[in-house]
There are 2 protein chains.
Amino acid sequence: MTEKNIDDAPSLKQALTEEFEEIVDAPAQVGLSDEAIREITESLNAPENDDHIALVEDLSHADTADLLQKVSDDDRRALIEQNTSEIDPQTFSYMDPDLRKATLSQMDAKDVAEIISALDSDDALEIIENLDEDFQKQIIQQLSAKTRLVIEEGLTFPEDSAGRLMQREFVAIPQFWTVGKAIDYMRAAASELPSEFYDLIVIDPLYHVVGEIPLNRILRSKRSVKIEELTLDELHTIPAEMDQEEAAMIFRREGLNSAPVVDNDSRLIGVITFDDILNVIDEEAEEDIMKLAGIEGSGMYRSVLSTTASRFRWLFVNLMTAIAASIVISMFDATVEQIVALAVLMPIVASMGGNAGTQALTVAVRALATKELSSTNMVRVISKETIVGTLNGAGFAVIMGVIAAVWFTSPMLGGVIATAMIINLFFAGFFGAAIPIFLDRIGSDPALSSTVLLTTITDIVGFFAFLGLASIFLI
Amino acid sequence: MTEKNIDDAPSLKQALTEEFEEIVDAPAQVGLSDEAIREITESLNAPENDDHIALVEDLSHADTADLLQKVSDDDRRALIEQNTSEIDPQTFSYMDPDLRKATLSQMDAKDVAEIISALDSDDALEIIENLDEDFQKQIIQQLSAKTRLVIEEGLTFPEDSAGRLMQREFVAIPQFWTVGKAIDYMRAAASELPSEFYDLIVIDPLYHVVGEIPLNRILRSKRSVKIEELTLDELHTIPAEMDQEEAAMIFRREGLNSAPVVDNDSRLIGVITFDDILNVIDEEAEEDIMKLAGIEGSGMYRSVLSTTASRFRWLFVNLMTAIAASIVISMFDATVEQIVALAVLMPIVASMGGNAGTQALTVAVRALATKELSSTNMVRVISKETIVGTLNGAGFAVIMGVIAAVWFTSPMLGGVIATAMIINLFFAGFFGAAIPIFLDRIGSDPALSSTVLLTTITDIVGFFAFLGLASIFLI
């Protein structure tokens with residue numbers, strides 16, 4: 001009987017796992033499903049049930065990261081404590097940086113050092129660079145001399161530079177070799193090669209990059225073909241100091257799979273691969289969208305207090321601009337007191353200006369980020385946005401003019417709001433495009449402060465034009 | 001003398017080209033510089049000067065696309081007419097879809113058919129799918145039978161599906177082969193293989209995908225090793241009907257270089273590569289950022305009238321919500337008439353609510369897009385945003401309460417605006433997170449209409465709370 005039970009155990013586990021896999025692999029479901037997460041957390045919180053150990057073991061790195069990100073703080077702590085050996089170090093490179101920092105900071109430096117040591121140099125660096133400096137030092141002390149050297153050197157490169165992104169593991173060969181010799185070398189050194197690589201990097205004796213060869217070019221060539229014959233004409237070396245955004249632009253434009261990274265003496269020191277670049281592109285797109293809304297970082301996994309504080313700053317700037325707009329209104333308080341319809345209608349003019357301006361602004365910010373907008377077409381873009389704004393201003397002048405005239409039985413009031421609408425949407429189009437271009441010119445980040453500057457202008461112009469015209473023509 | 005002149009010509013051209021290349025390759029410059037563009041357009045517009053022909057010839061595809069995108073409409077037309085043979089068909093796949101459509105629509109169907117025929121099937125399909133249907137038909141008639149079949153079949157897949165993204169050129173081998181046999185095959189078939197490939201796809205006799213092998217695994221293995229031993233455990237086949245956004249998510253999560261695409265019978269019909277995915281990720285990020293601002297498409301290269309019309313629609317919806325807010329104000333017109341300070345201060349409450357809500361909304365929209373937000377953590381995210389909103393509301397209640405009390409020497413007015421601020425930022429946080437989640441649940445696109453719904457709520461709640469409290473406590 002006992003024996004039978006032992007035999008049964010794995011098949012039971014297997015049945016459980018298979019059923020679970022069906023949930024995990026549900027069709028049209030990318031990532032871990034909510035049902036799978038529920039099953040794991042239920043088991044986690046049932047003292048006598050430790051299915052979750054086996055279930056977590058079966059997840060891919062990305063799915064495990066998903067799991068850790070989506071569960072509550074308590075469940076996450078319990079999962080990590082109970083599944084330490086089942087959670088692969090690679091999982092941490094899939095996690096959101098904020099959450100990863102919070103999670104690792106609760107662990108011993110020694111345990112984190114073990115995680116770091118198990119990763120490729122680029123992933124290791126990405127994890128360590130976000131931690132607090134003191135904790136960084138404690139971890140680095142626990143690393144082997146070799147890993148420590150790589151990490152410390154990596155940290156000398158500027159943040160968000162190619163040097164931080166690259167991995168130090170690559171395959172470089174001299175240009176005088178043949179295809180046959182290169183293949184023999186790779187077979188002999190198989191176990192020392194990086195786990196993945198996509199190009200061979202051709203170097204001279206001083207480690208200067210001479211060229212790159214995509215692997216398919218090696219495979220389709222005869223053994224006798226010289227390496228130098230296969231080398232691509234164009235060389236896409238990336239200086240270690242280059243900003244990651246620039247590097248991503250090069251990858252995107254040239255359709256690169258990987259690119260060699262060189263130091264100041266043009267010597268090969270690492271390789272950036274397309275998966276690093278995918279992360280950069282995601283990050284940059286996220287940054288732009290967040291900055292436009294006045295958010296620092298992704299915000300999803302920050303604590304409530306830290307989130308509140310970071311958003312407070314931007315809202316405070318916004319309060320100042322709202323007060324500025326109020327001061328404009330207060331300049332016309334006598335007029336508003338006489339005609340209360342002005343108070344009713346004035347937010348419409350400001351709001352339409354803000355929205356029309358935001359449209360122009362978003363197009364300009366995005367075009368600057370993708371380098372589609374530069375001094376060549378700058379004037380053309382600003383002109384176009386100004387015309388679009390004015391045309392829409394004219395359209396809404398008619399609509400809103402009629403509505404206001406009928407609502408308050410005052411054709412003159414209709415005329416005033418119509419004129420104010422045209423004026424405000426003209427300025428909205430012009431400044432919507434011009435503000436980000438101007439900020440970019442003076443070296444500021446256009447995504448960061450464009451919105452506040454723009455709404456200040458559209459609020460002030462909107463209230464000033466509407467109330468000013470009213471005080472002239474309606475009193 | 002004549003002979004000497006002829007000899008001179010190429011070296012002159014070479015000198016010119018070298019100088020130009022220095023401009024093109026200026027450091028820290030990704031993409032074509034404004035100086036290079038100016039040099040080309042100046043030559044283009046000087047009748048006796050045809051340097052631009054040689055200069056354009058030297059540009060990479062991405063740079064030529066940059067050039068065509070940034071110059072004026074007239075210059076673009078002239079460039080294409082005068083440089084027809086220097087502009088590589090591939091250039092068009094680097095261009096913005098709107099601008100490409102406008103450019104190709106001015107050409108003969110025959111010329112466009114030539115461009116299409118010269119491209120890989122995925123690029124060809126991408127270009128043709130955006131053109132008008134009549135023009136599409138004319139072009140397809142001009143294609144060779146083989147290309148026509150590929151294009152027509154490609155067009156049967158849903159828009160933005162994996163089937164539209166994939167290329168039909170791939171390298172598939174049977175699993176019973178050895179590494180040696182695979183290499184021999186690739187050497188023998190070298191000229192028929194796709195120009196680039198990153199993985200071998202292992203198939204059974206019925207063309208079902210059995211596995212994938214990254215090329216580096218082939219290169220590091222001995223000739224005698226069996227193909228089936230090298231096949232990756234995990235299979236990442238993508239159904240042709242899958243949405244490109246889902247496909248991008250899989251690439252990103254699994255760090256894929258390429259993935260096989262299968263039809264409804266699980267047979268291999270194509271391959272998606274990482275460069276297609278880079279485009280998808282860029283497109284999707286752009287779409288989200290544009291939709292949040294109420295813009296259809298990228299907007300950069302649309303004509304003035306078409307841009308005006310597309311933006312008008314969203315502004316019109318916005319006008320309706322602004323009018324709704326005005327109706328709320330008009331409900332309290334007697335109160336405003338008595339205390340004009342209310343008209344001065346009321347935009348502040350609405351504006352702070354709109355901005356705080358947009359912060360919560362942007363985080364939620366982005367987290368839904370990246371699938372970091374689902375039913376597991378939905379309640380937690382909404383609670384967090386509501387708390388953050390309320391805390392910031394309390395902070396700004398104090399600040400704005402004091403300012404209003406001092407400005408209008410009325411502590412009671414300060415109390416009213418403080419209370420209204422807390423109420424509005426509470427709702428802003430709650431609805432900022434809840435609206436996108438709700439829209440996602442009912443199958444709507446959260447990026448598209450969240451902003452309008454949110455500002456409607458924050459405007460109405462803001463005006464209602466502030467003016468309502470004022471009419472109770474200040475009159």
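The shown structure was predicted, so the numbers you read here are calculated from the model rather than taken from an experiment. Just so we're on the same page: letters track the sequence lines, and every chain starts at 1.
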* Find the one option among B:Y94, B:Y185, B:F396 whose heavy-atom pairs under 4.5 Å with chain A are most numerous. => B:F396
* Picking from B:D282, B:I183, B:V365, which has the most non-hydrogen pairs under 4.5 angstrom with chain A? -> B:D282
* Is it the backbone or the side chain of A:P194 that comes under 4.5 Å from a heavy atom of chain B, or both, or neither? -> backbone
* Got a second to check how far B:I37's CD1 is from A:S374's OG, nearest 0.5 Å? -> 5.5 Å
* Backbone N or O of A:N279 within a donor-acceptor pair of the B:R252 side chain at under 3.5 Å? -> no
* Applying side-chain hydrogen bond (donor to acceptor under 3.5 Å, both in side chains), run through A:T308 and B:N392 and close with a yes or a no. => CA-CA 6 Å; A:T308 306; B:N392 270 328; 5.2 Å; no
* Structure fact -> Looking only at B:I277, B:L278, B:I387, B:V171, the option with the highest number of non-hydrogen pairs under 4.5 Å against chain A is B:L278
* Asked: Relative to chain B, which segment of A:I281 carries a heavy atom at a distance below 4.5 Å: side chain, backbone, both, or neither?
  -> side chain
* Asked: Parallel, tilted or perpendicular for B:F274 and A:F274, by the 30°/60° rule?
  -> tilted
* Tell me, side chain or backbone of B:L373 under 4.5 Å from chain A's heavy atoms, or both, or neither? -> both
* If you measure from CG on B:L193 to CZ on A:R220, what distance do you get to the nearest 0.5 Å? -> 5.0 Å
* Structure fact -> Answer key: most heavy-atom pairs under 4.5 Å with chain B among A:V71, A:L292, A:T451, A:T455 is A:V71
* Asked: Is any NZ, NE, NH1 or NH2 atom of the basic residue among A:R311 and B:E385 found under 4.0 Å from an Asp or Glu carboxylate oxygen of the other?
  -> yes
* Asked: Is the shortest side-chain N to carboxylate O distance from A:D66 to B:K371 below 4.0 Å?
  -> no
* Non-hydrogen atoms of chain A under 4.5 Å away: do they reach the side chain of B:L315, the backbone, both or neither? -> both
* Structure fact -> Looking only at B:A364, B:A325, B:G389, B:S195, the option with the highest number of non-hydrogen pairs under 4.5 Å against chain A is B:S195
* Of the non-hydrogen atoms in B:A367 and A:M300, which two are nearest, and what is the gap between them? -> CB-SD, 3.6 Å
* Give, as side chain, backbone, both or neither, the part of B:Y198 having an atom under 4.5 angstrom from any heavy atom of chain A. => side chain
* To do: List the steps and the verdict of side-chain contact (heavy atoms from CB on, under 4.5 Å) for A:R38 and B:T376.
  => CA-CA 8 Å; A:R38 198 165 48 240; B:T376 301; over 6 Å; no
* Asked: Given B:M290 and A:R366, is the side-chain contact (heavy atoms from CB on, under 4.5 Å) satisfied, shown in steps?
  -> CA-CA 9 Å; B:M290 294 292 168; A:R366 188 69 195 160; 3.6 Å; yes
* Asked: In terms of heavy-atom pairs under 4.5 Å with chain A, which of B:I289, B:L391, B:L305 leads?
  -> B:I289
* Checking B:S221 against chain A: side chain, backbone, both or neither under 4.5 Å from a heavy atom? -> backbone
* **Contact winner vs chain B - A:S326, A:A322, A:A182, heavy-atom pairs under 4.5 Å** => A:S326
* **Heavy-atom pairs under 4.5 Å with chain B, option from A:N318, A:T362, A:V336 with the top count** => A:N318
* To do: Give a yes or no on whether a salt bridge exists between A:R253 and B:D63, defined as a side-chain N under 4.0 angstrom from a carboxylate O.
  => yes
* What part of B:D459 lies closer than 4.5 angstrom to a heavy atom of chain A: side chain, backbone, both or neither? -> neither
* Which heavy atom of A:P347 sits nearest a heavy atom of B:F463, and at what distance? -> CG-CZ, 4.0 Å
* Structure fact -> Checked A:I218, A:L256, A:V381 vs chain B; the most non-hydrogen pairs under 4.5 Å come from A:L256
* Structure fact -> If one checks every heavy atom of B:D243 against chain A at 4.5 Å, the contacting part turns out to be neither
* To do: Return the option, out of B:T358, B:V304, B:D275, with the maximum number of heavy-atom pairs under 4.5 Å with chain A.
  => B:V304
* Structure fact -> Under 4.5 Å to a heavy atom of chain A? For B:I403 that would be side chain
* Structure fact -> In this structure, CZ of A:R217 is separated from CG of B:L215 (nearest 0.5 Å) by 13.5 Å
* Contacting region of B:R187 [heavy-atom separation from chain A under 4.5 Å] -> both
* Asked: Most heavy-atom pairs under 4.5 angstrom with chain B, which of A:N257, A:T321, A:V328, A:N355?
  -> A:N257
* Asked: Of the backbone (N, CA, C, O) and the side chain (C-beta and beyond), which part of A:L342 lies under 4.5 Å from a heavy atom of chain B, both, or neither?
  -> neither
* To do: Look at B:E372 together with A:K70 and state whether they make a salt bridge at an N to O cut-off of under 4.0 Å.
  => no
* Asked: Does any heavy atom of chain A fall under 4.5 Å from the side chain of B:I327, the backbone, both, or neither of them?
  -> both
* A:E196 backbone acceptor or donor facing B:N216 side chain under 3.5 Å -> no
* Structure fact -> Max heavy-atom pairs within cutoff under 4.5 Å with chain B, candidates A:G429, A:S375, A:A285, A:S351, goes to A:S375
* **Nearest-0.5 Å distance, CG of residue B:L345 to CD1 of residue A:I323** => 9.0 Å
* Asked: Considering only heavy atoms, which portion of B:F197 lies under 4.5 Å from any heavy atom of chain A: side chain, backbone, both, or neither?
  -> both
